[in-house]
Amino acid sequence: MDAAAVATLAALPDPLAGPDGRPATTPEAWRNVSRPHQLALLEQHVYGRRLPPTVTHVEGEVERGEAALADGVVATRLQARLRIGTGPKSRLIDVLVYLPRRDGPCPVFVGLNFRGNHAEHPDPGIRLSQAWLPNDEKTGIVNNRATEASRGSNSRRFPVESMLARGYGMATACSADIFPDSPEGRGDSVLAAVGRPVTGELPADEPGAIAACAWGLSRILDWLVMLPEVDPTRVIVVGHSRLGKAALWAGACDERFAMVVSNDSGCGGAALERRRVGETVADITKRFPNWFCPAFAGYAGHVEDLPCDAHVLLAMTAPRPLYVASAIEDTGADPEGEFLAAVAAEPAWKLFGLTGLGGVAWPPVNTPVGNHVGYHVRTGKHDLLEYDWLRFADFADRHLPPPGRPASKATGASGR
Ligand code: GCU
């Protein structure tokens with residue numbers, strides 16, 4: 001590790017500290033004192049107060065059938081509409097699930113998408129998204145609505161056939177059903193549906209779009225865990241970019257997620273804010289004022305005063321398995337800063353006698369490393385590709401084996 005990286009790590013707040021500054025030295029002290037304290041810092045200064053769960057109603061019938069996909073793969077496809085809240089401000093979340101056709105409950109990856117479920121796969125049976133979407137003629141989004149032309153336009157990010165072949169189900173919903181991604185989106189978001197303020201000066205710790213998406217993932221989980229085909233102890237939350245930030249916060253807030261995966265989540269996600277490499281707190285809070293709680297913008301220009309940082313967010317997953325993925329050309333998301341945050345989160349796993357990244361240096365491209373914390377930096381750009389998904393599956397195979405089969409013992413620093 002170079003001198004600059006060592007200095008960065010030395011300047012970080014202690015992720016194990018409790019309210020009196022003393023670090024937890026046992027799992028109990030972490031669970032009862034330090035973790036709640038650190039989680040409260042993230043709520044207060046970055047993501048906003050956590051919302052209580054709500055009853056999520058399934059609207060109408062769940063559509064359940066067979067879907068013939070590419071390569072001769074036949075899957076079970078489920079589509080459900082979840083209603084959040086009641087009355088005119090209530091919101092509908094369309095959830096799409098593909099499951100391998102086999103006996104017994106299976107592990108499932110769940111994550112949000114950017115452009116509607118129908119954009120994730122060319123399957124003609126997927127309902128066209130009704131959400132407000134940013135116009136993009138190239139991908140068939142016209143007058144802020146999806147058209148048939150957008151079907152399958154994002155499928156490189158959702159390799160269903162390969163993941164089903166690995167034994168994993170895949171569940172997704174459009175983030176715009178939860179919070180339309182525009183500065184005016186709050187009024188049409190789940191936050192409005194559950195009675196949060198949408199106009200005027202918001203409280204400093206009022207949640208924004210990232211927290212809304214994280215909360216929405218938990219509501220989707222409420223429904224997923226009731227499905228007989230889903231193993232409720234092996235649901236993995238995953239997300240790319242802004243939705244990777246949401247996946248990390250979802251995993252922090254809801255320990256029912258058995259594993260957490262961040263892909264290229266960058267600033268406000270896995271990358272250390274204190275490095276000020278790539279997108280900074282000043283940049284992100286200016287460009288996306290609706291993403292975080294208002295207090296976060298107050299750290300623009302003096303991020304060293306932030307009482308937490310990305311390593312604290314990552315530590316919230318402990319002792320569950322965590323995977324952080326970067327892409328080498330994704331300079332805006334500071335790939336090395338994502339790696340260093342994962343390094344700095346390791347003490348939380350150590351409390352449980354587990355190893356995180358295990359002291360490795362930033363690895364070469366396409367070389368996954370780590371034990372209970374996994375990491376890779378892929379060649380190429382800011383994106384979520386099959387290469388990434390297959391590494392998530394490798395990591396989940398090791399750490400979330402079927403009930404009754406022990407997790408494989410990772411031996412070296414490089415677990416793969
Ligand atoms: C923008 C934003 C990033 C975000 C990304 C994405 O580039 O600045 O913070 O991760 O969008 O969600 O694709």
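Both ligands and their constituent atoms are indexed starting at 1 by order of listing.
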ring-ring contact (aromatic ring centres under 6.0 Å, His included) partners of residues 246-267, not counting sequence neighbours, each pair once: Tyr47-Trp249

Criterion side chain to side chain contact (heavy atoms under 4.5 Å, CB included) on Lys245 and Leu313, from CA distance to verdict: CA-CA 10 Å; Lys245 310 180 207 299; Leu313 175 66; over 6 Å; no

Sub-6.0 Å ring centroid separation between His121 and Tyr98: yes

Inter- and intrachain pairs under ring-ring contact (aromatic ring centres under 6.0 Å, His included), touching residues 177-227, at least two apart: none

Using a 3.5 Å cut-off and no angle test, enumerate the donor-acceptor pairs between side-chain atoms of residues 345-352 and protein atoms at least two apart in sequence or in another chain.
residue: Glu346; atom: OE2; partner: Gly356; partner atom: N; Å: 2.6
residue: Glu346; atom: OE2; partner: Gly358; partner atom: N; Å: 3.0
residue: Trp349; atom: NE1; partner: Arg320; partner atom: O; Å: 3.0

Ligand 1: protein residues within heavy-atom distance under 4.0 Å: Phe114, Ser241, Arg242, Lys245, Glu279, Ile284, Arg287, Phe288, Trp291, His382

is_close_aromatic(Phe109, Trp389), centroid dist under 6.0 Å: yes

